[in-house]
Each structure stands twice: as C-alpha cells, then as structure tokens.
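In this text the structure is predicted, and so the values were computed from the model without any measurement. Only heavy atoms go into these numbers, but all of them, side chains included; no hydrogens, no water, no symmetry mates. Numbers restart at 1 for each chain; the letters A, B, ... are given by sequence-line order, proteins then strands.
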2 protein chains.
Amino acid sequence: MTEPTQSQIDQLTIAFERFTRRFKVAEAGAAMEHNLNALDVQALLFVEDHPGCSLGDVARYLQVAMTTMSSAADRLVRRDMMERQRPEANRRSVALTLTAKGKASVAGYMAGYGDACRAMLDPLDPEERIEFLRLTDKMAKYDI
Amino acid sequence: MTEPTQSQIDQLTIAFERFTRRFKVAEAGAAMEHNLNALDVQALLFVEDHPGCSLGDVARYLQVAMTTMSSAADRLVRRDMMERQRPEANRRSVALTLTAKGKASVAGYMAGYGDACRAMLDPLDPEERIEFLRLTDKMAKYDI
DNA sequence: TAATATAATACGATATTCGTAATATTCAAA
DNA sequence: TTTGAATATTACGAATATCGTATTATATTA
C-alpha cells in the first residue's frame, strides 16, 4: 500500500482542525449549560457507554489520576448525575451508573455532536454522503 | 438539497469520536513532553499562525477570559516560548510572537497531528484518498 | 493465618481560571 | 487642548481542579 503524500496529510490536518473546532464549540456550549468541566463531561459519556464500570476504568481511559477521577465522581454524585454502588462481587470497587439527570445531560451532548455532524454532511450530495461514510468507516476500523 | 439521515449522522458521530481521540492522545503526549497545559498549547498554535496578534485576539479565539490568557502568556514568556512586545502603533496592546523554542514546540505538535492524519489515511487506497480529501474539502469550505 | 495486592478515598500542596479593580494608552468632543 | 469615555492589559484575590502520599477496606495468595 502506498503512503499518503505530505500534501494530502497537510490538507487533512487543516480540514480536521476546522471539524474538531466545531465539536469543541458544541461541547463547551453544552458544558456551560450544566456548569460542568471537560473531565466531568467525558466521564459522563464514558459511564453512559460502560454502565457499572469502576473508577479505575474511567481514570485509565481518560488518563487522569485516580484521585482526580474520584473528585470528579464526587462532583457528579453531589449533583445527582451519577451513582456509586458497591458491587457484592468485589466490594473494594465501585460500580458507576448514571442517574436520569446524568442521562439527560449526555443526551444533550449527543444532540450537540449530532448537530455538528449534520452540519458537516450538509454540503454533500446524497451519493457523496454515502461514499464519505464508507471511507470514514474504513478508516475508523483500523483504529489503534 | 436533501438532509442527511439520522443513521448517517450517528455513523459519523462514532467515527469522529475515534478520530478526535487520536488527536487528543497525540496532543496530550506532546504537551506532557513540554509540561504545557491544553490552553498554553492552543495559544502557541494560534500565535504561530497569527504572529503579532494581541492577547485579546487569542482570548476571543480560545474563548477564555482575558486574565486567563494573560496568565497563560506569563507562563509561556517565563519559559521562553513567547514574546510580548509593545507595538508603537497602539501601545495599549501587546504583539505576541513565538521564540525559536516556541516554534520548535509547535513543530512538534504539528508532527504529532501529521502522524495522526497519516494514520487516518493509511487504510485507504490512493484513489480513495483523493476522493476523501475532495469531500472533506467541500465540507470544510462550508465552515461557519 | 499472615503477607501482599488491589480499589478507592482523605487530605494537603500546587496550579489554574476567572472576576474586579487598577493602570496605561488612544480617541473624540467640547 | 483638556476632559471624558473607550480600549487593552495587568495585579490581586477567591474559588476550584489536579495530583501525590498516606490511609482504609477488601481480595488474593502463600
């Protein structure tokens, strides 16, 4: 398989910078609404996808110290968006889940992401959208 | 122009989540090397692209308070990565530029982004890369 | 059963962000 | 040209976040 050219890489870098900006803006806006910081948002998104996960799971995934994650969980529990439970199977750990309020918050973020994605696809023709998604899918499958 | 379908939007959301993760990892890794936080990195990248810009320019772009930006500039100046100069034209403001050390740092980040982009394009065939970039270009042109 | 490993939390140190107030400079109008 | 308002930044203090170390509780292994 031949390598991508430098010019192709540069072109993609520029395009990607713009796209990620849209996502960041969407994320920041939604975070502002709920007065949540970036870490808390990411934690909510992870727990939504991995209900019952442990604090260590989230800390590893988000690459922050356990104590930092514990503090974030404190905040989210205090604000009634997350729940800690001691699973009988291993009572050292905690099982994290989202409350209805936490899930509603995640839904808001996902809606924001959805808007950003819609805005990205909008300029394409229907056939182009299909082709674009086929290619992104192919790329995403090779994820590390 | 017809709307993208919900399923297309969902598909793109998932793919995009993966891609942004790669970029975040690259960014975090490079930031770790230089002991810089996220804001400082973004400020370096902006000033590299807008040499001579003011603190206000950067603060507006990155959507942080002026005082926050001033603190970030303090850090970067102290570490010899950025310079403040009083332009004669308007001596209320400061003109920000990067030092050689700052530019070297930016080059490191760009290399990281480049690697991430290369990794994205790698799984595609040469013709697919051309088509993919044509489509991203079309999408990016409609940027808000 | 004792020793070790694992999972989370309490606490204190350091750093970051932001709002308010102060300073310096420019612009406009009387 | 002097006064007043607007602009750009900085100083300072309060609130908050992150992290490392030590501690507690539970599980695993010898």
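Of the candidates C/dT25, C/dA8, D/dT10, D/dT10 carries the atom nearest the B/Val94 side chain, counting heavy atoms from C-beta on. Candidate nucleotides D/dT18, C/dT17, C/dT26 were compared by shortest atom distance to the side chain of B/Arg91, and C/dT26 ranks first.
The minimum heavy-atom distance between A/Lys101 and A/Asp80, with the atom names listed, is CB-O, 3.4 Å.
Here A/Thr68 lies in heavy-atom contact (under 4.0 Å) with a base. Using a 4.0 Å heavy-atom criterion, one finds that A/Asp74 contacts no nucleic acid atom at all. Residue B/Thr67 is classed as a base contact, given a heavy-atom separation below 4.0 Å to a base.
Taking 4.0 angstrom as the limit, B/Ser70 places a side-chain polar atom (N or O) nearer than this to OP1 or OP2 of D/dT10. Distances shown here put a side-chain N or O of B/Arg84 below 4.0 Å from the OP1 or OP2 atom of D/dT10. Between A/Arg75 and the phosphate of D/dT18, there is a side-chain N or O to OP1/OP2 separation shorter than 4.0 Å. Regarding contacts with the backbone of D/dA25, every side-chain N or O of A/Arg92 stays at 4.0 angstrom or more from both OP1 and OP2.
Taking atom CG of residue B/Leu55 and atom P of nucleotide D/dT7, one finds them 17 Å apart after rounding to whole Å. When the C1' atom of D/dT16 is taken as reference, atom CZ of A/Arg78 falls 10 Å away, rounded to whole Å. Summarising the geometry, the separation between CD on B/Glu88 and P on C/dA24 is reported as 17 Å, rounded to the nearest angstrom. For B/Asp40 and C/dA15, the CG to P distance is 13 Å, given to the nearest whole Å. Distance CG (A/Leu39) to P (D/dA17): 10 Å, rounded to an integer number of Å. The separation between A/Arg86 atom CZ and C/dA8 atom P is 8 Å, rounded to whole Å. Taking atom CG of residue A/Asn90 and atom P of nucleotide D/dT28, one finds them 7 Å apart after rounding to whole Å. For the pair B/Met66 CE and C/dT20 P, the interatomic distance rounds to 15 Å; values are reported in whole Å.
A ring-centre distance under 6.0 Å is not found for B/Tyr109 and B/Phe23.
The existence of a salt bridge linking B/Asp74 and B/Arg84 is confirmed by a sub-4.0 Å separation between a basic side-chain nitrogen and an acidic carboxylate oxygen. A salt bridge links B/Lys141 and B/Asp137; the closest N-O separation between the charged side-chain nitrogens and carboxylate oxygens is under 4.0 Å.
In terms of position along DNA chain D, the nucleotide closest to B/Ser93 lies nearer the 5' end than the nucleotide closest to the other residue of the pair B/Ser93 and A/Met69. When each of A/Pro87 and A/Asn37 is assigned the nucleotide of DNA chain D bearing its nearest heavy atom, the one mapping closer to the 5' terminus is A/Asn37.
Side-chain contact, B/Tyr113 with B/Arg118: no donor N or O sits under 3.5 Å from an acceptor N or O.
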